[in-house]
Every structure is written in structure tokens, then in C-alpha cells.
Number of protein chains: 2
Amino acid sequence: MSNSKLYRGSLNTIILKLLSQHDKMYGYEITQKVKALTKGELNITEGALYPALHKLEAEGLLDVEVVKVDNRMRKYYKLTQSGTKETVNKMEALADYINTMQALLNPKLA
Amino acid sequence: MSNSKLYRGSLNTIILKLLSQHDKMYGYEITQKVKALTKGELNITEGALYPALHKLEAEGLLDVEVVKVDNRMRKYYKLTQSGTKETVNKMEALADYINTMQALLNPKLA
DNA sequence: TTATATGCATAAGAAAATTATGTATATTTG
DNA sequence: CAAATATACATAATTTTCTTATGCATATAA
């Protein structure tokens, strides 16, 4: 994913937010989009991504639609209603995380 | 630690930065300082903290000094030279993380 | 005197990632 | 044309990091 361990725990947030911006995406597309947006800094590995997508689906946050394109399979994921709600929660949690880390590491500003 | 999974991977960064600000600290002190600075949002559990401290020591980033105060043991930790270097790296990694997450989640600003 | 606070430690288990494979088709390159 | 790369999914074994539970010991507050 990255040489920095800070990204551990961020994958679901990233997936959900991307899907809130793009209506539907498939796994490989997500890896490429993340790589492009982060200029190569973040590379989502398949071993992390696919289990995460399956779990989000099992939790009812994502819906799947299987499509065949150029004779190759694609599984398009999109947010469910509760997936949309959870995305809002995750974004709030991220804002809180950043604030908290700043309070912790720059106590002068507190 | 927190209800949010985003903190996974942040513990070493927090420990090192606190030690860069306080010269020396002992484990229990770290848990209380973090709780105070984050107004209760972040509670470092002992099961996470002590193994982390031991590992940082084994890696040569921390030195230990055992002291008895009021008949109770305290293990004071302080940064070694390479611990100080690693703290700089961790802080850069945190700044990168925040920038990258913002690029990822607010692509309009990119 | 009993609960809470201080102070350390470790073990069992869960969660989330890495690394390594595996399968299959399409396209680019030498 | 053959070989490498890109596209596209998946899972298993292992590692890392955390939670939860437990244990020991002393001091202080209720």
C-alpha cells in the first residue's frame, strides 16, 4: 500500500469516498485511480482491496453488478443507502483523526 | 485506542513525537498525556503501548532507565540518536499521509 | 475496607495488511 | 509471432498491530 504504516485502517474510507464520487467503479479501476490521484505514492494491493470490497458488500454498504467487457469480467461496485451514510461517518472520523493528531503533535496550537 | 480504525499504525508516531517533546516519559505517563491532549478521544491501551515501547527499544530508537518512585517501578524512555532521526521521518510521513488523503478525497483541489 | 489510581507485563484472539500465488484474456513490443 | 505487459478477478499463508483479558504489586480515596 505504502511504505508508511499510517495508511493501515484507511482503506475502507478511501474506497467509500471514491465510490461516493464516481457512482460505480470496479476493483482494478480503483487501484489505478488511487495510483493516479496520489501520483504513485499509494498503491492499493489486490490482496488488500478484494477482501475489503467483499467485506463492505457483506456488510451491506456496497452493491455489486457483474459485467463482461471485451470478454473480461468486471465487478462494478456502488454505494447502497447505508453505504452513503457510512461514507459521511468515515469522512467525519478522518477529519477528527487529523485534528486529534495535530492536537497531539503540535500541542502549541491547542 | 479509539472507535476509529484510522489510528492503526499511528502509535509509534505518537510515542516518538511525545518523547521528542518531553525528554523522558514512562508508559503510564504517556497514556495520561495522550488522554489529556486529546480530551479523552484517544486512549492508548496498555496491551498496545507496552509491546510497542519494547519494540522501539529493541530497534534502538529508545533507551530505558528504571527508577523507583514511592516504592513503585517506573521505566523512563527517551529517544536515542536514531530515535530522533526516525521521529523526523515519521513526522514527514504523517504530513505526506495528510496531503495524500486530501488529494484523494478532495480531488477538486488537486 | 473496598474501590480506584498508579505502574508494569504478557497471552489469546481479531483485524487488516503484505506477499505470494493462481487463473484468464487482451494488447503491446521486440 | 512470441514474449512481456496490462487488465481483471481471487485466495491462502503470514505478519503486524491492535483489543481484550488477565496477572502482579503498591498507594490513595471513598
Side-chain angles (χ1 to χ4, degrees), chain A residues 1-16 24-36 40-59 61-62 64-77 90 93-94 97 100, chain B residues 1-16 24-36 40-59 61-62 64-77 90 93 97 100-101:
Chain A
M1 203 165 177
S2 157
N3 57 320
S4 169
K5 290 168 194 166
L6 293 173
Y7 291 93
R8 282 172 180 269
S10 311
L11 182 54
N12 287 352
T13 301
I14 292 170
I15 292 171
L16 291 175
K24 64 175 181 176
M25 298 181 85
Y26 56 99
Y28 186 75
E29 185 184 12
I30 291 174
T31 67
Q32 299 309 302
K33 179 65 78 179
V34 167
K35 196 185 296 183
E41 155 120 357
L42 234 198
N43 286 285
I44 308 287
T45 59
E46 297 146 304
L49 178 65
Y50 290 114
L53 288 172
H54 300 161
K55 197 178 178 210
L56 290 170
E57 186 199 348
E59 288 166 357
L61 304 182
L62 301 184
V64 196
E65 179 198 356
V66 180
V67 176
K68 215 165 194 182
V69 177
D70 285 336
N71 213 33
R72 269 201 243 91
M73 179 178 51
R74 279 186 192 169
K75 290 179 75 173
Y76 278 101
Y77 291 90
K90 294 279 194 202
L94 179 61
Y97 170 80
T100 296
Chain B
M1 202 165 176
S2 158
N3 58 321
S4 168
K5 291 168 193 166
L6 292 172
Y7 290 93
R8 278 179 177 271
S10 310
L11 182 56
N12 286 352
T13 301
I14 292 169
I15 292 171
L16 291 175
K24 64 176 180 175
M25 299 180 84
Y26 56 101
Y28 186 75
E29 184 184 12
I30 291 174
T31 67
Q32 300 308 303
K33 179 64 80 179
V34 166
K35 196 183 295 182
E41 154 120 357
L42 234 195
N43 285 286
I44 308 288
T45 60
E46 297 146 304
L49 178 65
Y50 291 115
L53 287 172
H54 300 161
K55 197 177 178 212
L56 290 169
E57 186 200 349
E59 288 167 357
L61 303 182
L62 301 184
V64 196
E65 179 198 356
V66 180
V67 177
K68 214 163 195 183
V69 177
D70 286 335
N71 213 32
R72 271 200 243 91
M73 179 179 51
R74 280 186 192 169
K75 290 179 77 173
Y76 278 100
Y77 291 91
K90 294 278 193 203
Y97 169 81
T100 296
M101 288 298 278

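Convention: sequence-line order gives letters A, B, ...; per-chain numbering from 1. Keep in mind that what you see is a predicted model, and the values were worked out from it rather than measured.
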Return the set of residues passing side-chain contact (heavy atoms from CB on, under 4.5 Å) with A:Glu46 (not counting sequence neighbours), or none when no residue passes. A:Tyr50
Just checking, is any N or O donor in the side chain of A:Glu29 or A:Tyr77 under 3.5 Å from an acceptor N or O on the other one? no
For A:Glu59, the salt bridge (charged side-chain N to carboxylate O under 4.0 Å, His left out) test, sequence neighbours excluded, returns A:Lys55
Length of the CD-P vector between B:Glu29 and C:dA5, whole Å: 18 Å
Go through the structure and list residues passing salt bridge (charged side-chain N to carboxylate O under 4.0 Å, His left out) with A:Lys90, not counting sequence neighbours. A:Glu86
Side chain to side chain donor-acceptor pair (under 3.5 Å) against A:Tyr28, all qualifying residues, sequence neighbours excluded: none
B:Arg72 near the nucleic acid: base, sugar-phosphate alone, or nothing, with a heavy-atom cut-off under 4.0 Å? base
Listed pairs, N/O of protein and of nucleotides 16-20 of chain C, under 3.5 Å:
unit_1, atom_1, unit_2, atom_2, d
C:dA16, OP1, B:Lys5, NZ, 2.7
C:dA16, OP2, A:Lys55, NZ, 2.7
C:dA17, OP1, A:Gly9, N, 3.2
C:dT18, OP1, A:Met1, N, 2.3
C:dT18, OP2, A:Thr45, OG1, 2.7

I'd like to check the side chain to side chain donor-acceptor pair (under 3.5 Å) partners of B:Ser2; sequence neighbours left out, ordered by chain and number. none
Between C:dA26 and A:Asn71, is there an OP1 or OP2 to side-chain N/O distance shorter than 4.0 Å? yes
Need two values: the first and the last nucleotide of DNA chain D, 5' to 3', having an atom under 4.0 Å from any heavy-atom of chain A. D:dA6 to D:dT17
Once side chain to side chain donor-acceptor pair (under 3.5 Å) is applied, do any residues pair with B:Tyr97, and if so which ones, sequence neighbours excluded? A:Ser10
Taken to the nearest whole Å, OH/B:Tyr50 to P/C:dT10 is 11 Å
Mind checking what makes side chain to side chain donor-acceptor pair (under 3.5 Å) contact with A:Ser4, not counting sequence neighbours? none
